[in-house]
Amino acid sequence: MAGANSVFLVKLSGQIESAEFPEFDDIWCRYCFVYGPDWVITSGLEEGMTQTAKKSRDDRQMHVFNFPIDITFKSTNPSGWPQIVVYSYGIDIFGNDVVRGYGATHIPVTPGRHKRKIAMFVPESSSKLQKLTGWMLGRRPEFVDPRVIAQGEGREVTRVRSQGYVTLSFSVVEKDMKKLGYEVQTVDGTASQFTDMSVNVATIKAGGE
């Protein structure tokens, strides 16, 4: 087992802010993390689900969640840097739960505050007949394991269609990476090393933006 001085920590706190699916109303999101074999979760939840949000009645037509995310990883190797996979659901005209979009992004490598707008997509049926049958039965194409979208294997044979966006915000703190020989570059290109995992948001913002 690796000793405490041979690992580095990456703490992520943030939220799933909102989604944009102008064609649909009731939307909720699920999320999970995908990471390499050298990574271990030390605190926080690996997966979760937001509340259901209705589309706003203004011109933005956004679904607002502001759902919190808080997780801490430890690792000895940056290979397999964690990704967050987000997949959205809604209700069709028959009352069935159907997938409205899949998307994924890496946790930001640099410490500080970040925002990511993820372009979502949905799998397409292989034929018009299957598409019609799936629509009538409420069985739209979806992935058995959503984590597959964070991996490249088999993706080239999947037919998909772009549909909607999900916006996430992150605050990232890193600890002890320099001790293992990894130098973290902040957004402005300067080297930075956080040594206190309880550093406040003001300090993060000053170092990361």
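- Q51 CD: more than 12 foreign heavy atoms inside a 6.0 Å radius.
- With salt bridges taken as basic N to acidic carboxylate O contacts below 4.0 Å, none links E17 and R116.
- The backbone N or O of A104 sits nowhere less than 3.5 Å from a side-chain atom of Q83 that would complete a donor-acceptor pair.
- Just one of K55, K117, M120 meets the side-chain contact (heavy atoms from CB on, under 4.5 Å) condition when paired with E20; it is K117.
- A donor-acceptor contact shorter than 3.5 Å links the side chain of H63 to the backbone of D25.
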Donor-acceptor pairs under 3.5 angstrom involving side-chain atoms of residues 32-42: please list them, not counting sequence neighbours.
residue : atom : partner : partner atom : Å
Y35     : OH   : E46     : OE2          : 3.2
D38     : OD2  : N77     : ND2          : 3.4
W39     : NE1  : N77     : O            : 3.1
W39     : NE1  : S79     : O            : 3.0
W39     : NE1  : G80     : O            : 3.4
T42     : OG1  : T72     : O            : 3.3

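- Connection of I118 to V109 is established within a shared hydrophobic cluster, with ILVMFWY side chains joined at heavy-atom distances below 4.5 Å, either directly or through further cluster members.
- Side-chain contact check for T110 versus V172: every heavy-atom pair is 4.5 Å or farther apart.
- If you take CG on L12 and CD1 on I84, they are separated by 7.0 Å, rounding to the nearest 0.5 Å.
- For the pair Y89 and I27, the minimum side-chain heavy-atom distance is 4.5 Å or more.
- Every residue was checked against the salt bridge (Lys or Arg N to Asp or Glu O under 4.0 Å) condition with R30, not counting sequence neighbours, and none meets it.
- Without hydrogens or angle criteria, W81 side chain to I107 main chain gives a donor-acceptor distance under 3.5 Å.
- Using a 4.5 Å heavy-atom cutoff, the side chains of V173 and P111 are not in contact.
- No donor-acceptor pair closer than 3.5 Å links the side chain of S162 to the backbone N or O of F121.
- The structure places NZ of K115 at 11.5 Å from CZ of F170, a figure rounded to the nearest 0.5 Å.
- Within the 4.5 Å cutoff, the side chain of I91 has no heavy atoms near those of the N96 side chain.
- S56 places a side-chain N or O within 3.5 Å of a backbone atom of M62 that can act as its donor or acceptor partner.
- A distance-only check finds no donor-acceptor pair linking the side chain of D145 to the backbone of V148 [under 3.5 Å].
- For the atom pair R100 CZ and F21 CZ, the distance stands at 9.0 Å (nearest 0.5 Å).
- Placement of V98 and Y165 in two distinct hydrophobic clusters is found when ILVMFWY residues are connected by side-chain heavy-atom separations under 4.5 Å, directly or transitively.
- How far OG1 of T50 is from CZ of F67: 6.5 Å, rounded to the nearest 0.5 Å.
- Q15 places no side-chain N or O within donor-acceptor distance of the main-chain N or O of L168, the cut-off being under 3.5 Å.
- Side-chain contact between L9 and E174: absent, with no pair of heavy atoms (C-beta onward) separated by less than 4.5 Å.
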